[in-house]
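A quick write-up on the structure given underneath.
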Amino acid sequence: MGILGCMPPIQRREITGPARVRFAPSPTGNLHVGGARTALFNWLVARHTGGVFVLRLEDTDRERSTPESEAQILRALEWLGLDWDEGPFRQSARSVVYLEAIGRLKAAGVVYAAWETDAEMEAQRDAARANKLAPVVRGRRDWTDEQIGGFVAEGRRPAWRFGVEVTGRTVIDDYVRGEVSFEHTAIEDFVVARSDGTPTYNLAAAVDDLDMQISHVIRGEDHLSNTPKQVMVIRALGGAAPAYAHIPLILGPDKKRLSKRHGAASVEDLRDAGFVPAAVLNVFALLGWSFDDKTTMFTVDELIEKFGVARISKSPAIFDLKKLEVLNGRYLRLMGDDEFSVALVGHLDRVGFFADKDAGARARVLETVPAVKRKLTTLGDYEALAGWLFRPLEIEPEAWDVLAADVRRSIQAIGGGLGRLELLEEFTLDAIKDVLQDQLHILGEDARGFLEPQRIALTGQRVSTGIYESLLLAGREESLARYRHTLGRLADIWVA
Ligand code: GLU
């Protein structure tokens, strides 16, 4: 046994008791996989512990925050079913709270006016780098009244920096990463208020976590380095820091940082592509968390029951769109016909499927449900699979190539099928199946060689709903007309 095998398993803690957690997106873009996973983990902890899920919009960056992004984030959360108990709180509406906190920090003497310009601070960083030191800046605190008077006369306004106690260190006991220690020598005197008076992210997030009595901060690992700063602010304000759980990065299957390239679209893009919330939540939950090594399917209720931070991994998670597709297909098949119909029609409405169709189209879609449910990976595949039923026959070029490759054989198959279908007294699924199977035997064809031309004659496509069901869905007259049309076209090239 290797050394690892001898080591006792890591006993990680679990969050117990009602947790007050928050999701704090910046409304500067769409809700993507990473943000949605953070929201989900927080929501699951709130629901699992009977706690509270707070939604806070960190919109202090007025230039990059947009109302569209905010609306989009809320819509995406609602679509996923991640309902919040408090909020949405907007940081832009809480300036007074931050000003008051900055006032208290000033009064406590833990922040100081930094008169240096950005360029001067950057020069300090460059000098540190040149000496192979951490680029950690600290403002001068020994300006004379005269110098300050000069700055004021020039129109300079100070930023306010937190004076980090350089001798110490801040230790956090992270639920995922264990004890993480931050030496203060490596932490610069961070800005809490910009020279225009606006609070920075580190100030606002810390003040809000304290003010909103957040018990556990669960967020992406990229925020780990902000944590000691936020802890310092909270302590300086006389509060106790929340507990932290920093969740791992998400990579694509190629182990590169997740991006659009990996199909990691926004949540709304996934919705529009025809994924269902249950599958999306299932896959997001597994981005860094696992219950055991084998279970891959969890309903939302099972996730609420089983989720816990103790089983969140430190290593990066992999987002694989293929897995989502497979799982989505499974979720679709598990749905009852009614539930599936609601999801399908909702999707088709959203993507404008009915816009150019007559009033009967909705009823027709419902008729197709049993035929498509088994075959769909995403609801977005509906058009490709069943769209043929809603438009006149149009033979796709690659489907035509299949027929044209052996015109004689195609005419024989389609003509043979047509002859049998024309004679059917009752156009039922069983009857259709019986005669076509019989004809298949008579012609002594292989099943594909016979059935593929039937499919193309009827749908114009190589991939569609099952052939027998398709004939039934199109109905006798429409089916026969399509067969005749295809035969006519084949006859044209046969003669030529
Ligand atoms: N607004 C930050 C972000 O969107 C979240 C910070 C946090 O969770 O503390 O990355």
Side-chain angles (χ1 to χ4, degrees), residues 15 19-46 51-74 76-77 82 84 86-94 97-98 101 170 172 174-177 180 182 190-192 198-234 237 239 241-250 257-259 264 266-267 284 287-288 309 312:
I15 298 174
R20 276 184 69 84
V21 292
R22 83 313 191 263
F23 176 50
S26 304
T28 54
N30 294 337
L31 185 67
H32 279 81
V33 176
R37 189 263 316 243
T38 301
L40 173 63
F41 281 19
N42 278 283
W43 184 83
L44 287 171
V45 166
V52 175
F53 180 53
V54 176
L55 179 59
R56 178 169 89 215
L57 296 158
E58 303 206 320
D59 60 348
T60 48
D61 185 340
R62 298 311 296 157
E63 268 162 32
R64 293 178 57 226
S65 301
T66 66
E68 294 75 34
S69 156
E70 182 180 312
Q72 197 273 347
I73 291 170
L74 299 189
L77 290 173
L82 303 181
W84 50 93
E86 292 180 18
F89 299 110
R90 288 176 184 79
Q91 288 190 327
S92 56
R94 293 171 53 77
V97 180
Y98 309 129
T170 296
I172 64 155
D174 192 280
Y175 274 89
V176 178
R177 312 203 57 90
V180 190
F182 300 88
F190 53 98
V191 175
V192 292
T198 56
T200 58
Y201 156 69
N202 276 318
L203 185 280
V207 169
D208 282 349
D209 286 340
L210 182 60
D211 198 50
M212 296 172 187
Q213 296 170 31
I214 298 304
S215 62
H216 297 79
V217 168
I218 303 166
R219 63 183 173 193
E221 198 180 273
D222 47 329
H223 284 292
L224 193 59
S225 62
N226 289 321
T227 306
K229 299 175 186 170
Q230 293 172 12
V231 167
M232 284 178 206
V233 170
I234 290 172
L237 289 170
Y244 292 89
H246 285 92
I247 59 184
L249 286 178
I250 306 176
R257 220 190 152 117
L258 193 64
S259 74
S266 70
V267 170
F284 285 3
L287 290 173
V309 291
I312 295 177

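Counting starts at 1 for both ligands and their atoms, in listed order.
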Matching residue for H216 among Y175, F23, Y244 - test: ring pair (Phe, Tyr, Trp, His ring centres under 6.0 Å):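 It is Y175, the one option of Y175, F23, Y244 that forms the ring pair (Phe, Tyr, Trp, His ring centres under 6.0 Å) with H216.
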
Heavy-atom contact check, 4.0 Å cutoff: does [X] meet ligand 1?
X    : answer
Q230 : no
A205 : no
F23  : no

Would you mind running through ligand 1 and noting each atom that sits below 4.0 Å from a heavy atom of [X]?
X    : result
E58  : 1 (N), 2 (C), 5 (C), 6 (C)
R219 : 7 (C), 8 (O), 9 (O)
R22  : 7 (C), 8 (O), 9 (O)

Return the residue, atom name and 0.1 Å-rounded distance of the protein heavy atom closest to [atom].
atom                    : result
atom 5 (C) of ligand 1  : A24 O, 3.2 Å
atom 6 (C) of ligand 1  : Y201 OH, 3.0 Å
atom 10 (O) of ligand 1 : H223 NE2, 2.9 Å

query: Considering only heavy atoms from C-beta outward, does the side chain of V54 approach that of Q213 to under 4.5 Å?
result: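 A side-chain contact under 4.5 Å is absent here.
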
query: Under 4.5 Å between any side-chain heavy atoms of I172 and L224, yes or no?
result: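 Yes, side chains in contact.
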
message: Minimum heavy-atom separation for A19 and V45, please, with both atom names.
response: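 What the structure gives for the nearest pair is CB-CG1, 3.9 Å.
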
Over all atoms of both residues, closest heavy-atom pair of G220 and T38: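 Looks like N-OG1, 4.3 Å.
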
query: Quick check: does any side chain N or O of R90 sit under 3.5 Å from a backbone N or O of D59, one acting as donor and the other as acceptor?
result: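 Judged by distance alone, no pair lies under 3.5 Å.
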
query: Would you say the side chains of D208 and Q91 form a donor-acceptor pair under 3.5 Å?
result: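 Indeed, the side chains of D208 and Q91 share at least one donor-acceptor pair under 3.5 Å.
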
